Amino acid sequence: MPLLKQARPKVLVPEKLSPDGLALLRSALDVDERKGLSPEELLEIIPHYEALLVRSETKVTATVLQAAKRLKVVARAGVGVDNVDVGEATKLGIVVVNSPSGNIGAAAEHTIALMMSMARKIPEGCASLKAGKWERSKFVGVEVKGKVLGIIGLGKVGLTVARIAKGLGMTVNALDPYASPAAASSASVTLVSSLPELLSSADFLTIHTPLIASTRGMISDAELAQMKPGARILNVARGGTIDEAALLKALESGQLSGAAIDVFTSEPPDPESTASKLIAHPRAVVTPHLGASTVEAQENVSVDVCEQVLDILKGSLPRSAVNAPLILPEEYQKLQPFVRLVEKIGNLYTQHYASLPGGSMARNTFDLIYQGEVASINNTKPLFAALIKGLLAPITGQEGLNINIVNAELVARERGIFVSEQHSRDPHDDSSYSSLVTLIARPPSRPSSRASGLPEKSTGAPQLQHQRVISGTCSGGQPLITRLGRFEASFAPEGTLLICENYDSPGKIGVVGSILGREGVNINFMTVAPVSSKLSIHNAPSDAKFVKDGPTEVLSDVSGSGKTEALMILGVDRVVPQQTAEDLVQEGGVLSACAITL
Ligand SMILES: NC(=O)C1=CN([C@@H]2O[C@H](COP(=O)(O)OP(=O)(O)OC[C@H]3O[C@@H](n4cnc5c(N)ncnc54)[C@H](O)[C@@H]3O)[C@@H](O)[C@H]2O)C=CC1
Ligand SMILES: O=C(O)C(=O)COP(=O)(O)O
């Protein structure tokens, strides 16, 4: 695997994870199993890791994520990501993955096990017998057959519980505003439209939602009062969906006959907390968050997330990212060369035009136009992200800002960059390429430049402003720039380049070469880009498009000097000092010289 060649990325595993997945990681990464870390210890060591693998115990807070300078991925070996600050991870460009289905069977079976234990008083009977007693009449239970099970949240776990409950002869009602009616009906579940309706019909009530704003505290005093007297309640989803104080009261008053609880608002519960009183209640059947604790489920989730960690550290997309768009691997393969091209175009734009009067970020509204085969790609999020990364990298530094498909939109919004992506399957003017990607910076309109606080200085050359355009293609899978401003180019956007605008006259190359030689700069290659005779860009703000322009001479003589301009692109072996670039203008007679590194 290519990622093995350099220093091996490090993965921190602060909780018990099945060795099956970790074995996959060990072939490529340094796996550091550090169980029992305190929050302070986690904060201290997290800067050293590229990946963090957790279950439900580790609190991956904003502070932890901000301290994690190298972190690319947080992998949750399970379903619920309420212990991870996903919003902060998104801001920082850290991918959060989970295992959305590896443990649902285990969670559903545990729910049924708790329901049966509660109905038949199994924990009490077991404890009594182990204590040397033989108490039969004390532990008379109820049957679930013929009873109504109410489910809140008919997702993967909820639906699995429903199917098993149907097999036990129960009637199943469910409340879930987003559930598929077809899935409900195929499991013979009746979807109800309100919580009171569900509560008043249920003999057993079970919750299978995530812990989110709409479910936090959703069952409290008022809701418990609406349940049938003597009903029973289960929670194998998340602590906090049921108010623990209200539940304790309902058990104490006899409104509820029993409660079976696997999850608590704080885990492990504080000995003085209401949760601990609930745990101690004789009619509560409790387990210490064991819903996913089966050998099979732990193998599943471990392998699932470890494979995704490897994918992410290799630069591919994971299959179950919580905070990144889903892009199928086949589509990604097709996109990959263009991702590099668009990043180079963005980077070239900022470096090249930043050296022109007005500066690059004087323009913050761009058209990104896909023409030809590339236009058939529908999911262009990676291309958008590559553009934002490329545009900002010269300003922020590659390390300073981790921009990827996770956070690109957020970063663009925060920095006031607007991109209008356009797809055109019509053959483009330069038909020698099967695909063409073009970036056009729109000239700032008066109100928006004022609003952005970045007024563009007048250069006295309006034509130049209208030509901030870069086109490129992929040739043999490698990026190739085919147009830079008014010039028809053909160069690979790699390494250090010196871009000189000059009048196309004999001897100019020799002069430039000797000035560079004097400064010890070697030229690796050189290419001359003439003014394009084919294309021009019309500055139509919302539908920028290519059109054939007027006579070639008009384009060739934008400077009005009567001479023909050309762009000289030199690949050089080292960074060109600013002074040398100035010498090229002063002594070498070029119109402008701009050194960039791509
Ligand atoms: N105790 C344990 O060890 C385990 C607990 N879980 C927990 O179980 C829960 C459910 O997991 P899955 O079924 O895999 O998730 P899921 O995403 O497949 O299903 C959740 C369902 O809840 C529904 N929902 C969301 N808000 C709702 C609301 N306000 N009212 C009614 N329904 C609402 C959604 O529409 C969705 O259908 C999660 O919180 C997960 O963390 C999962 C596995 C193991
Ligand atoms: O997958 C989930 O949501 C769970 O609650 C399982 O938690 P755990 O991995 O056992 O700490």
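Each residue takes its place number in the sequence, starting with 1. For ligands, and for the atoms within them, numbers begin at 1 and follow the listed sequence. Source: prediction; values computed, not measured.
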#### Entry: Neighbour count >12 (heavy atoms, 6.0 Å) for atom CD, E143
no
### Message
Checking Y370 against E421: is there a side-chain donor and acceptor pair closer than 3.5 Å?
### Response
yes
### Query
Which distance, rounded to the nearest 0.5 Å, do you find between the OG of S180 and the CG of L154?
8.5 Å
Where does ligand 2 get N/O contacts under 3.5 Å from the protein, atom by atom?
from: ligand 2; atom 1: 1 (O); to: V79; atom 2: N; distance (Å): 2.6
from: ligand 2; atom 1: 1 (O); to: N103; atom 2: ND2; distance (Å): 2.8
from: ligand 2; atom 1: 3 (O); to: R76; atom 2: NH2; distance (Å): 3.3
from: ligand 2; atom 1: 3 (O); to: G80; atom 2: N; distance (Å): 2.8
from: ligand 2; atom 1: 3 (O); to: R238; atom 2: NH2; distance (Å): 2.8
from: ligand 2; atom 1: 5 (O); to: R238; atom 2: NH1; distance (Å): 2.9
from: ligand 2; atom 1: 5 (O); to: R238; atom 2: NH2; distance (Å): 3.0
from: ligand 2; atom 1: 5 (O); to: H289; atom 2: NE2; distance (Å): 2.7
from: ligand 2; atom 1: 7 (O); to: R76; atom 2: NH2; distance (Å): 3.1
from: ligand 2; atom 1: 7 (O); to: H289; atom 2: NE2; distance (Å): 3.2
from: ligand 2; atom 1: 9 (O); to: R55; atom 2: NE; distance (Å): 2.9
from: ligand 2; atom 1: 9 (O); to: R76; atom 2: NH1; distance (Å): 2.9
from: ligand 2; atom 1: 10 (O); to: R55; atom 2: NH2; distance (Å): 2.8
from: ligand 2; atom 1: 11 (O); to: S56; atom 2: N; distance (Å): 3.1
from: ligand 2; atom 1: 11 (O); to: S56; atom 2: OG; distance (Å): 2.4

### Message
Under a 4.0 Å threshold between the charged nitrogen and the carboxylate oxygen, would K249 count as salt-bridged to D221?
### Response
yes
### Task
Could you tell me which residues satisfy side chain to side chain donor-acceptor pair (under 3.5 Å) with D32, sequence neighbours excluded, listed by chain and number?
Y49
### Message
With no hydrogens and no angle check, just 3.5 Å: does a side-chain donor-acceptor pair link N323 and T90?
### Response
yes
## Note on the structure
Sorted by chain and number, sequence neighbours left out, side chain to side chain donor-acceptor pair (under 3.5 Å) with S137 holds for none
#### Entry: Whether over 12 other heavy atoms sit under 6.0 Å from K35 NZ
yes
### Query
Taking 4.0 angstrom as the limit, do R340 and E343 come out as a salt bridge?
no
### Task
Please list, by chain and number, the protein residues whose heavy atoms come under 4.0 Å of ligand 1.
V79, G80, N103, I104, A107, I152, G153, L154, G155, K156, V157, L175, D176, P177, Y178, H208, T209, P210, I212, S214, T215, V236, A237, R238, D262, V263, H289, G291, A292
